[in-house]
Number of protein chains: 2
Amino acid sequence: MNEKGVLYLIATPIGNLEDITLRAIRILKEVDLIAAEDTRQTLKLLNHLGISKPLTSFFRHNESQKGAYIIKKILDGESVALVSDAGTPGISDPGEELVTLAIKNGIKISPIPGPVAAISGLIASGLPQDLHLKAFYQ
Amino acid sequence: MNEKGVLYLIATPIGNLEDITLRAIRILKEVDLIAAEDTRQTLKLLNHLGISKPLTSFFRHNESQKGAYIIKKILDGESVALVSDAGTPGISDPGEELVTLAIKNGIKISPIPGPVAAISGLIASGLPQDLHLKAFYQ
């Protein structure tokens with residue numbers, strides 16, 4: 001294949017396996033490979049969703065080496081989904097370096113939004129949202 | 001019914017109708033009433049999901065009056081989902097006053113996480129995430 005693949009950054013559930021979007025599910029079904037911060041955690045999610053797909057581990061301490069491997073796959077035309085343990089990849093999670101490397105290689109990056117740990121935590125606090133959120137956005 | 005209902009704060013898609021979680025869809029199907037910032041926008045989403053449910057408008061200028069109506073429904077045992085035009089209710093959207101009123105009345109509030117406009121905007125910028133996100137969280 002001559003065409004480059006896509007790097008998807010997929011937000012995954014935080015705590016509740018139902019907290020995943022329809023688009024995230026579709027993309028996880030469509031990609032060739034899923035790079036996961038914690039493959040056991042991601043396997044639990046994929047099993048819950050009835051998705052069977054090749055998985056590779058991608059965490060802070062193999063980010064450089066595994067990043068090069070993933071970029072090569074995408075340049076060869078495969079599409080890869082990067083998922084973190086929970087929440088949005090690149091936010092308090094590995095992924096920054098891979099995104100930078102993808103940009104340098106002219107790879108299309110497609111972020112799939114979903115639950116964000118910081119926001120979920122703030123809202124789930126049960127206290128009036130406005131106080132927290134105003135502080136958060138200021 | 002003697003038991004109080006629940007007030008759900010449901011995050012809805014920003015731009016892409018597929019950006020809604022399985023839990024949000026389930027809750028929208030289960031509640032008795034949906035309070036929407038823009039009923040036309042929410043109707044578009046509900047039609048897309050094949051959900052038919054009573055809708056009431058809830059926006060900044062009817063927040064006090066409509067808030068009292070919604071709280072009464074919940075105290076009577078109905079469950080209500082609050083959705084904003086797009087994204088997470090209470091974040092740059094109406095809802096703060098209703099949440100405060102619900103807390104005062106001892107009503108259970110259940111936030112259903114999903115896409116957050118600020119985060120989606122930052123990630124979708126296409127620029128390296130780390131710079132933006134570090135600035136965002138500092």
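Every chain is numbered from 1 and lettered A, B, ... according to where its sequence line falls, protein lines coming before strand lines.
Taking 4.5 Å as the heavy-atom cut-off, the residues of residues 23-35 of chain B that approach chain A are B:R23, B:I25, B:R26, ordered by number.
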Kindly indicate, with the supporting measurements, whether the criterion side chain to side chain contact (heavy atoms under 4.5 Å, CB included) is fulfilled by B:L22 and A:L22.
CA-CA 7 Å; B:L22 297 180; A:L22 297 181; 4.0 Å; yes
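With a 4.5 Å cut-off on non-hydrogen atoms, B:L101 does not touch chain A at all.
Contact check for A:T21 versus B:T21: side-chain heavy atoms found under the 4.5 Å cut-off.
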